[in-house]
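A short worksheet on the structure shown next.
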Amino acid sequence: MGIKKWCLWVALLYSTISLGTIQRDSIVIDTRWNRWHIESVSSTGNWIFMRQFFQNDTRKNKAFVINTASKKRIEVTGLNVLAFTANDFLLGKKGVDIIEMDLKTQKQFVLGKLKQHDWIIESHTLCYITEESELVLRRYQKKEKTKLTSIPGVTTYYLSP
């Protein structure tokens, strides 16, 4: 093999290897490309909270609550999930406000800007302090939500396990 053929062979091999290492992902370039991420699942397994992320255009990002049995999908873009209750309610945060959403009727109720809030999983109870320094305990039972107690003049509380 002559020196010219050998140099040509090495140059061809080198250029092939160089081009083979360039990463070209045509799917990511496409504006329709997106990822789905499950953030939360209800304790009953009936509802999931999912986000759709568009890598090329974050303004298109969306959030959904989906019923696993009926495949009913509710768009809740702008809402960060705090908890699912056992009776088909979603507790979430939208901006500075805490939102309570009935997933059956899709109606939202704004609890307001809360100073402190905790979700007690075992008893399905939301414990929170309103802007007016009122401690409220709200329980979510099988078919309804119930305000257990309301104590004015409370600035902070501690939960004991």
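The figures that follow rest on heavy atoms only: side chains count, while hydrogens, waters and symmetry mates do not.
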Roughly how far apart are [X] [atom1] and [Y] [atom2], rounded to 0.5 Å?
| X | Y | atom1 | atom2 | value |
| --- | --- | --- | --- | --- |
| Leu90 | Trp47 | CG | CH2 | 9.5 Å |
| Arg139 | Lys145 | CZ | NZ | 15.5 Å |
| Arg35 | Met50 | CZ | CE | 11.5 Å |
| Thr155 | Lys115 | OG1 | NZ | 7.5 Å |
| Arg59 | Asn56 | CZ | CG | 11.5 Å |

Reference residue Phe49; test side-chain contact (heavy atoms from CB on, under 4.5 Å); the match among Ile38, Ile66, Val76, Val41 =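 Exactly one candidate clears the test, Val76.
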With Thr77, which residues qualify under side chain to side chain contact (heavy atoms under 4.5 Å, CB included), at least two apart?
->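 For Thr77 the side chain to side chain contact (heavy atoms under 4.5 Å, CB included) partners, ignoring immediate neighbours, are Lys62, Glu75.
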In chain order, what residues pass the side chain to side chain contact (heavy atoms under 4.5 Å, CB included) check against Phe54, with sequence neighbours excluded?
->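 Scan of Phe54 (side chain to side chain contact (heavy atoms under 4.5 Å, CB included), adjacent residues dropped) gives Asn34, Gln52, Lys60, Asn61.
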Can you check salt bridge (charged side-chain N to carboxylate O under 4.0 Å, His left out) on Asp102 and Lys104, steps first, answer last?
-> CA-CA 6 Å; Asp102 185 346; Lys104 292 177 185 173; over 6 Å; no
Would you say the side-chain atoms of Thr125 pair up with the backbone N or O of Arg138, donor to acceptor, closer than 3.5 Å?
->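 No.
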Quick check: does any side chain N or O of Asn87 sit under 3.5 Å from a backbone N or O of Gln141, one acting as donor and the other as acceptor?
->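 Yes; judged by distance alone, with no hydrogens or angles, the pair exists.
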Side chain to side chain, [X] and [Y], heavy atoms closer than 4.5 Å:
| X | Y | answer |
| --- | --- | --- |
| Met101 | Lys94 | no |
| Leu103 | Asn67 | no |
| Asn46 | Phe84 | no |

Closest contact, heavy atoms only, [X] versus [Y]:
| X | Y | answer |
| --- | --- | --- |
| Lys71 | Thr68 | NZ-O, 2.7 Å |
| Leu135 | Cys127 | CD1-SG, 3.8 Å |
| Ser43 | His124 | OG-CE1, 4.0 Å |

Between Arg51 and Asn80, do the side chains contain an N or O donor and an N or O acceptor separated by less than 3.5 Å?
->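 Side chains of Arg51 and Asn80: pair found under 3.5 Å.
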Is the number of heavy atoms from other residues, nucleotides or ligands within 6.0 Å of NZ (Lys72) greater than 12?
->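 Correct, the count exceeds 12.
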Do you reckon [X] sits in the same ILVMFWY cluster as [Y], going by side-chain contacts under 4.5 Å, direct or chained?
| X | Y | answer |
| --- | --- | --- |
| Tyr157 | Ile151 | yes |
| Val96 | Val110 | no |
| Ile129 | Ile120 | yes |

Does Tyr140 sit in a hydrophobic cluster with other residues, and if so which ones, taking ILVMFWY side chains as linked at heavy-atom separations under 4.5 Å, directly or through other members?
->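 Tyr140 clusters with Leu82, Phe89, Leu91, Ile98, Phe109, Leu111, Leu114, Trp119, Ile121, Leu126, Tyr128, Val136.
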